[in-house]
Structure formats: structure tokens, C-alpha cells
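Here's the structure we're looking at; comments come further down.
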Amino acid sequence: MIKKHLPYYLLIVLLLSLSCSKTKSNNNSAKTVEAILDNRYQKLAEYQVDSTAFPRSLNLKTNTIQKVPSSDWTSGFFAGNLWQIYQLTKEDLYKNQAKKWTAFIEKEKHNNRTHDMGFKVFCSFGKSLEVENNTNYKKIIVESAETLSTRFNENIGSIRSWDFNADIWQFPVIIDNMMNLELLFEATKISGDSTFHKLAVTHANTTLKNHFRADNSCFHVIDYDTITNQPRLKVTHQGFNDASSWARGQGWAIYGYTMAYRYTKDSKYLERAKATAAFYLNHKNLPEDGIPYWDFNDPAIPNAPRDVSAGTVVASALVELYGYTNNKTYLEYSKKVIDNLKSSNYILDEKNPAPFILNHSTGNWPKNDEIDEPIVYADYYFLETLLRLKAL
Ligand code: GLY
């Protein structure tokens with residue numbers, strides 16, 4: 001686990017060594033870091049292709065890869081990682097592997113039991129469209145949007161997130177659901193059918209009304225009453241408690257409203273993205289290196305686990321938000337996160353053969369699941385940030 005405070009003597013040794021070899025070590029370490037990253041990218045290409053075993057995370061205690069089927073919410077990220085590594089390296093090997101893993105996701109276009117269609121289909125097929133203009137991939141995106149639309153309740157004005165816990169929740173909507181709107185916005189652009197765009201806007205407006213607290217942090221789960229259509233519970237599922245700020249949830253909100261602004265140019269989404277980002281960036285518990293603890297209110301801070309995935313989601317979103325605001329604070333944060341992640345503190349040991357790039361993400365702390373370990377979506381938003389910075 002990354003500690004917030006280094007012992008005093010270690011800090012002095014570090015400062016001395018940095019000041020003695022600053023220029024030389026910067027040049028050398030730049031080369032070394034690129035070589036180390038390249039080595040990690042190769043591990044993704046080497047991972048055995050298997051339609052039933054998408055790599056989701058790596059349990060470092062047992063050194064076992066958690067492998068999931070295409071129905072898992074994380075399945076699309078691995079293909080997305082390969083598409084993005086292809087964009088960074090232009091090596092055909094990555095494109096070839098990306099195509100194979102992307103094809104395995106197609107059957108999810110009919111899966112109406114989840115709101116995670118965007119994560120699965122857009123992070124795989126959607127990413128491929130940045131590389132090649134594939135008509136069949138576009139068709140799959142529209143078909144997936146049609147399936148996702150069946151989860152929309154027009155009286156509540158939202159897409160239903162989960163079907164489990166039916167004895168506790170009537171119509172749960174989680175902040176993560178904002179991320180699935182990108183699939184709907186794109187489906188309208190591809191098909192010309194404005195239904196998807198309108199549905200996404202309604203969902204974003206309902207979330208805007210009910211998911212945020214006065215301090216601009218957000219709730220994880222809003223449960224709607226299916227008779228009155230009003231919120232009946234404001235709770236958490238993956239955060240520390242109902243009143244806390246779960247770092248990745250805050251990240252989904254920042255990313256979600258920045259992305260919604262891209263498609264709508266509605267200033268209230270831009271204001272929401274800025275206010276939500278301000279809560280995150282100005283929080284007293286955001287560590288110096290910019291990588292958040294998994295929840296801003298975990299009383300174990302500074303000894304709580306970090307969540308690199310939250311840091312990379314926000315870093316990617318803030319490069320985009322910088323483009324709409326010209327506010328350098330956003331760009332500085334994203335660059336700082338990337339610089340710090342490109343270090344041995346965070347890059348997975350090069351000897352480890354598992355198909356991941358970064359260590360120290362936290363998936364589901366309340367369930368004691370995926371704590372402080374490599375997780376596929378942290379890599380996805382890391383690569384996306386690299387590409388977004390490169391494109392500036
Ligand atoms: N969408 C689930 C998560 O962020 O863990």
C-alpha cells in the first residue's frame with residue numbers, strides 16, 4: 001500500500017539523490033519508463049485469447065488473475081486497452097488481438113439484464129471506431145443502445161441500474177450509470193435516431209437533480225419509488241458509508257457530465273462537471289501525488305488503500321474538461337497523475353506476467369474484494385489519458 005508520509009530520513013535521501021542527478025536521471029528515466037511500459041503492454045498481447053476469460057484484476061496475495069465472462073461489467077475494457085495500445089504504438093499485433101477480444105463482446109448487445117452496456121460495448125467496439133470505420137461495429141453499437149433503452153423508465157426519467165437487492169430497492173440508479181450515456185449519444189450520431197440522445201439527456205437531468213449533495217459530492221445509489229417516481233433512499237453500495245464520498249463514484253460523475261457536455265453543449269452539465277471536479281481537487285484528503293484514497297472519508301486515511309482507477313478516470317475527464325474551460329488546474333492534475341503513475345510505485349512489476357499495467361486500485365472495499373491491486377479499468381483510463389494528452 002502507498003503510504004501518505006515517507007519517513008523523514010528517507011525523504012532526505014530522496015531529495016539528495018534527486019538534486020544530484022536531476023537532468024541525467026530525467027533523460028534516462030524517460031527512456032526506461034517507456035521501455036517498462038512497453039514491456040507491460042506486451043503482457044496484454046501475450047495473454048491467452050479465450051472468449052470466457054476476460055482478465056479483470058490480479059489478486060497479488062495468491063498471484064491469480066480474476067477472469068470473467070463477457071457478461072461482467074468490466075469485459076469491454078481489455079479490448080479497449082488493446083485498441084488504445086495500438087493507437088500509442090501503431091504495432092499491428094495489438095490491433096489483431098483487440099479485434100479478437102472485441103468480437104467476443106458482441107453477444108452482450110442482447111443482454112437486457114444490466115445497465116453496463118456502455119462499459120462493455122462502448123469501451124470495446126466504441127474504441128475500435130477511433131482506429132477504423134467499421135460498419136458492422138456501428139450496427140452493434142446501435143443494437144446495444146436499443147437494448148439499453150429497454151431499461152429506461154419514462155416516469156422516473158432514468159435507466160434502471162441493477163436488478164439485484166429487489167427486496168431492498170425498487171428502482172436503483174447509480175452514479176456510474178452516467179458513463180453508459182456515451183453509447184446512447186453515439187448511437188444517435190450513427191443512426192440518426194434521436195430517441196437515444198433524448199433518453200440520455202433525461203437520465204442526465206434526473207441524476208443532476210437527485211444525486212448531488214450541497215457540497216458537490218455525490219451519492220452512489222438513489223433508489224426511486226416506482227409509485228411516486230421520487231427518490232426514496234440515498235445510499236451507498238461501494239463507498240464507506242451513505243454519507244461518504246466514494247472516489248470512483250466522484251470520478252464517474254466528473255467524467256459523465258464532461259462527456260454529456262461534449263454531446264449537448266448544455267452549460268448546466270459543464271457547471272456540474274466543474275463543481276464536482278472542484279470537490280475532488282480541493283479535498284483535504286486528496287494525497288500530494290493526486291492518486292485518491294478509495295473513499296475520501298475512510299477514517300483509516302492515511303493508511304487506507306488508494307484507488308488508481310479513480311485517479312485515472314478523473315485524469316482522463318479533466319483533460320477533456322480543460323479543453324472546454326482552458327482551466328490549467330485540470331491539465332496540471334492530469335499530467336501530475338500520469339507522471340506519478342509512471343513510476344515503480346505504481347507500474348506493475350515487469351516480471352509479473354499478468355496482463356495489467358498499473359497496481360494499487362480498489363474495486364469493492366465493503367465486500368473486501370479487489371483491494372489495492374491491478375484492475376483492468378484503471379489501465380483503460382490511464383491509456384485514454386495518455387492519448388488525450390498526446391492529442392492536445
Ligand atoms: N461500476 C462499478 C464500479 O465502478 O465499481
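Start at 1 with the first residue, then count along the sequence. Every number for a ligand or one of its atoms is a count from 1 in the order of the listing.
In terms of N/O distances under 3.5 Å, ligand 1 is not approached by W73. Ligand 1 has a nitrogen or oxygen under 3.5 angstrom from a nitrogen or oxygen of R248. In terms of N/O distances under 3.5 Å, ligand 1 is approached by Q238.
Side-chain N or O atoms of R388 include one that pairs as donor or acceptor with a backbone N or O of S316 at under 3.5 Å. The main-chain N or O of K109 is found under 3.5 Å from a side-chain atom of T147 such that the two form a donor-acceptor pair.
At a 4.0 Å heavy-atom cut-off, ligand 1 does not touch W162 at all.
Within a 6.0 Å radius of NZ in K90, other residues, nucleotides and ligands contribute more than 12 heavy atoms.
The cationic group of K265 lies under 6.0 Å from the six-membered ring centre of Y324 and within 45° of the ring axis, placing it in a cation-pi geometry.
The ligand atoms of ligand 1 that sit less than 4.0 angstrom from a heavy atom of D176 are 1 (N), 2 (C), 3 (C), 4 (O).
Looking at E271 and K268, no side-chain N of the basic residue comes within less than 4.0 Å of a carboxylate O on the acidic one, giving no salt bridge.
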